[in-house]
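All remarks here apply to the structure that follows.
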2 protein chains.
Amino acid sequence: MADTPGASEPSLDEQIAAYQREFQDLDPQVEKVVSALSRLNRRMNVAYGRQTAELGISNAEWEVLKALVLAGAPYRLGPGDLAKRLGLTPAAMTHRIDRMVAEGLVTRERDESNRVRVIVGITEEGRSKWLEAMRMATVFEEDLLQDLSGEERGRLGEMLTRLLRRVEDAQPDAGGRLSDLD
Amino acid sequence: MADTPGASEPSLDEQIAAYQREFQDLDPQVEKVVSALSRLNRRMNVAYGRQTAELGISNAEWEVLKALVLAGAPYRLGPGDLAKRLGLTPAAMTHRIDRMVAEGLVTRERDESNRVRVIVGITEEGRSKWLEAMRMATVFEEDLLQDLSGEERGRLGEMLTRLLRRVEDAQPDAGGRLSDLD
DNA sequence: TCTGAAGACTTCAACAGTAAAGTTCGAAGC
DNA sequence: GCTTCGAACTTTACTGTTGAAGTCTTCAGA
């Protein structure tokens with residue numbers, strides 16, 4: 001078995017079994033949680049990517065729009081602040097803003113009260129693409145959680161935030177670069 | 001409030017509150033699950049990245065080593081198969097293998113029985129780095145789940161696999177490119 | 001006021017990924 | 001036995017991110 005040369009990604013259960021075979025010191029229960037988390041995230045990003053692509057933007061650009069809107073009125077942030085929120089280097093932020101300005105999604109101006117600072121704002125078009133992306137995303141997310149009862153959703157959210165709190169405490173610094181995703 | 005210009009990433013609860021403010025058609029319970037998933041994954045990748053960096057490799061390289069080991073004896077796969085398992089384009093796989101061969105982590109040979117095919121194998125050094133990375137990762141993962149009882153871990157794993165099954169059914173194709181992560 | 005240091009962003013060179021075109025070998029049909 | 005098609009990988013050109021160096025402004029002290 002498993003002899004097919006063109007074999008694709010193994011199923012989660014196959015993967016867990018392979019881990020047990022190759023690395024005995026592994027708690028299958030832990031591995032199941034961790035592997036499922038990682039795979040889920042990948043699939044979700046693929047789904048978001050398809051939706052944002054329909055709007056002619058990328059997930060990366062959507063992230064910027066989200067950060068601006070979530071910052072609240074007047075929907076403006078500096079590149080440095082944006083970079084921190086998105087976990088990017090300032091250099092990457094500069095380039096990304098360049099593109100988004102060229103596409104008419106955001107504006108860039110100098111802060112008159114402090115001419116070193118730059119202020120990035122969202123345009124009408126940016127805002128409307130954000131809204132449309134949110135609409136599509138919520139449909140997808142609602143569908144994703146379809147099989148979970150309200151009570152289960154609550155428990156799941158609670159457990160995940162407990163995990164999150166634990167990593168954030170151990171890793172208080174801004175979350176680091178995004179270079180190593182998978 | 002929220003007037004600090006150097007403000008960093010908002011907390012999960014602040015983010016949920018901002019969503020409710022800016023986009024009413026949002027189920028906070030759903031959003032909590034989704035946002036926690038995404039943040040958790042980011043933090044986990046940062047943690048893995050620090051560990052693999054200690055070994056002088058990247059998360060990307062570790063992924064390749066994992067795929068080879070999990071494939072089972074004789075720990076060999078073609079670039080195309082590897083690319084499918086990792087969700088990369090074949091071109092990216094070629095480049096990544098180039099680097100890993102140069103670093104002595106894997107070998108690349110032509111398949112004698114079919115000279116179009118290439119076979120990637122793991123070296124001793126690759127295998128030992130994989131093992132060391134696994135050891136560090138399991139310590140981290142065990143710590144991550146520290147606050148969950150055995151029963152909770154089981155329930156969490158079960159719910160996550162249910163979600164995963166749902167996306168995989170909706171998205172049966174190999175999972176798509178990894179270009180749009182966040 | 002001038003000067004030096006710090007902060008905020010940008011520029012530059014190098015690296016990693018993608019898409020599309022190119023190469024090479026194997027297999028199926030005439 | 002050619003020839004054509006298709007599969008598997010590589011090459012090329014381009015996009016996006018990083019780390020480090022560079023620029024410009026502000027602010028504090030002499």
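Naming: A, B, ... by sequence-line order, numbering from 1 per chain. Just so you know, these numbers come straight off a predicted model, no measurement behind them.
Between the C1' atom of D:dC9 and the CG atom of B:Asp81 lies a distance of 14 Å, rounded to the nearest Å. Look at CZ on B:Arg115: it is 13 Å from P on C:dT24, rounded to the nearest Å. Distance B:Arg96 CZ to D:dT10 P: 15 Å, rounded to the nearest Å. B:Glu63 has its CD atom 16 Å from the P atom of C:dA16, to the nearest Å. Following rounding to the nearest Å, A:Met100 (CE) and D:dT15 (P) show an atom-to-atom distance of 18 Å. Rounded to a whole Å, the CD1 atom of A:Ile97 is 8 Å from the P atom of C:dC9. At whole-Å resolution of the value, CZ in A:Arg108 and P in C:dA8 are 17 Å apart. When the P atom of D:dT15 is taken as reference, atom CD1 of A:Ile57 falls 19 Å away, rounded to whole Å.
Within 6.0 Å of CD in B:Gln24 there are more than 12 heavy atoms belonging to other residues, nucleotides or ligands. Within 6.0 Å of atom CD in B:Gln146, more than 12 heavy atoms from other residues, nucleotides or ligands are found, so the atom counts as buried in its surroundings.
Checking side-chain atoms of B:Asn45 against main-chain N and O of B:Asn41 turns up a donor-acceptor pair under 3.5 Å.
Closest non-hydrogen pair, B:Ile119 versus B:Arg76, comes out as CG2-NH1, 2.9 Å.
The side chain of A:Asn114 lies closest to D:dT25, out of D:dT17, D:dT25, C:dT10. Side-chain proximity of B:Pro79 to D:dC9, C:dT18, C:dT10: nearest is D:dC9. When distances run from any side-chain atom of A:Ala91 to the nucleotides D:dT17, D:dT25, C:dC12, the shortest one goes to C:dC12. Across D:dT18, D:dT25, D:dT10, the shortest atom-to-atom separation from the side chain of B:Pro90 is found for D:dT10. Here D:dT17 is the nucleotide among D:dT11, D:dT17, C:dT10 with the atom lying nearest to any side-chain atom of A:His95. Out of D:dT18, C:dT24, C:dG17, the shortest distance to the side chain of B:Val116 is found at C:dT24.
Contact annotation: B:Arg99 does not reach the phosphate of C:dC15 (side-chain N/O to OP1 or OP2, under 4.0 Å). One finds a side-chain N or O of B:Arg117 lying less than 4.0 angstrom from the OP1 or OP2 phosphate oxygen of D:dA8.
For A:Glu142, the salt bridge (Lys or Arg N to Asp or Glu O under 4.0 Å) criterion is met by A:Arg153, not counting sequence neighbours.
Using a 4.0 Å heavy-atom cutoff across all strands shown, B:Arg110 reaches no nucleic acid atom at all.
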